[in-house]
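A quick write-up on the structure given underneath.
Residues take their numbers from the sequence shown, with the count starting at 1. Counting starts at 1 for both ligands and their atoms, in listed order.
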Amino acid sequence: MQLKHLLFTAATVAALPATDASSSETFGVIAIASGTGVQNSGFSAAKSSLFAGLPSQNASCDRPNENFATFYINDGSLYLYDASATPQEFFVDASGMGQGVIQYTTGAQPASGARGGWAIDSNNHLQYDGKDLIACPNSIDGAWSIWANAGVDNPGGNKNCVGIAARVEKTSNPNGCVYTQ
Ligand SMILES: *[C@@H]1O[C@H](CO)[C@@H](O)[C@H](O)[C@H]1NC(C)=O
C-alpha cells in the first residue's frame with residue numbers, strides 16, 4: 001500500500017507542467033569579449049530584440065531603475081522573467097535569411113523561427129545550439145545587437161561583429177518586467 005502511494009505521488013509530481021517561472025533559475029547576462037567595446041555590458045531586451053550596452057530598455061519593471069533583462073530557461077526555451085502571466089519568449093532564425101537573428105514574442109504572437117536550443121554550458125555561459133553568441137556594434141541607441149552563431153561572422157549586414165561569452169549571473173531576487181515589442 002505504502003509503495004503504491006509513493007509511486008502515485010511521484011508520477012503526479014512528474015506530470016505537473018513546468019511552466020512556473022519561479023521554479024526555474026533566473027539570471028542576467030554580461031557580455032565578455034575582452035579588448036572590445038562590448039566587454040562587461042549587460043544584456044537588455046527591447047523592441048522584441050536582444051542588446052548589450054543599451055542605455056535604457058524602457059521596460060515596465062517592478063524595479064524600474066535596473067536596466068538589465070532577467071531571463072530563465074524552461075525546457076530549452078529562453079524567456080524573459082515576469083511574475084505576470086503573459087510570456088515573452090525568444091526564438092532564433094538561423095536560416096540563410098535570418099542569419100541567427102534573435103527575437104522574442106509577447107503572449108500569443110507567432111514565432112518566425114525556432115524555440116528551444118538554449119542552454120547554460122559548464123563555463124556558465126548562455127549558448128544557443130551549443131555555440132557562443134555574437135555581438136554587433138552600432139545598433140539602436142549605440143548598443144550592440146546580440147545574434148546567435150549561425151555560421152555568419154557579420155550577420156544581418158553588420159560590420160565589426162565580435163564573438164562573445166554570455167556570462168550568466170544568477171539572481172534570487174528577479175526584477176519582473178514587461179519588455180517593449
Ligand atoms: C527609450 O526611450 C528613450 C526616450 O523616449 C528613447 O530615446 C530611446 O530610444 C528608447 N530606447 C529604446 C530601446 O526603446
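- Those atoms of ligand 1 with a heavy atom of Ser56 less than 4.0 angstrom away are 11 (N), 12 (C), 13 (C).
- Of the protein's heavy atoms, none falls inside 4.0 Å of atom 7 (O) of ligand 1.
- For atom 14 (O) of ligand 1, the nearest protein heavy atom lies under 4.0 Å away.
- Between atom 10 (C) of ligand 1 and the options Asn58, Asp141, Ile140, the minimum heavy-atom separation is to Asn58.
- Using a 4.0 Å cut-off to heavy atoms of Ala46, the atoms of ligand 1 that qualify are 13 (C).
- Atoms of ligand 1 lying under 4.0 Å from at least one heavy atom of Leu54, given by number and element, are 13 (C).
- Tyr179 and Ile146 fall within the same hydrophobic cluster, where Ile, Leu, Val, Met, Phe, Trp and Tyr residues are linked whenever their side-chain heavy atoms come under 4.5 Å apart, directly or through other members.
- Checked by atom type, the side-chain pair Ser48/Gln181 shows no donor-acceptor distance below 3.5 Å.
- Taking a cut-off of under 4.0 Å to the non-hydrogen atoms of Lys47, the atoms of ligand 1 that pass are 14 (O).
- The cluster map of Ile, Leu, Val, Met, Phe, Trp and Tyr, joined by side-chain heavy atoms under 4.5 Å apart, puts Ile120 and Trp118 in the same cluster.
- A donor-acceptor pair under 3.5 Å links the side-chain atoms of Asp121 to the main chain of Asn124, judged by distance alone.
- Heavy atoms of Thr180 found under 4.0 angstrom from ligand 1: none, in either backbone or side chain.
- No side-chain N or O of Thr171 forms a donor-acceptor pair with one of Asn173 less than 3.5 Å apart.
- Note that CH2 of Trp144 and CG of Asn158 are 10.0 Å apart. Values are rounded to the nearest 0.5 Å.
- Looking at Gln57 next to ligand 1, no N or O pair under 3.5 Å apart turns up.
- The closest side-chain donor-acceptor pair between Asp82 and Ser84 falls under 3.5 angstrom.
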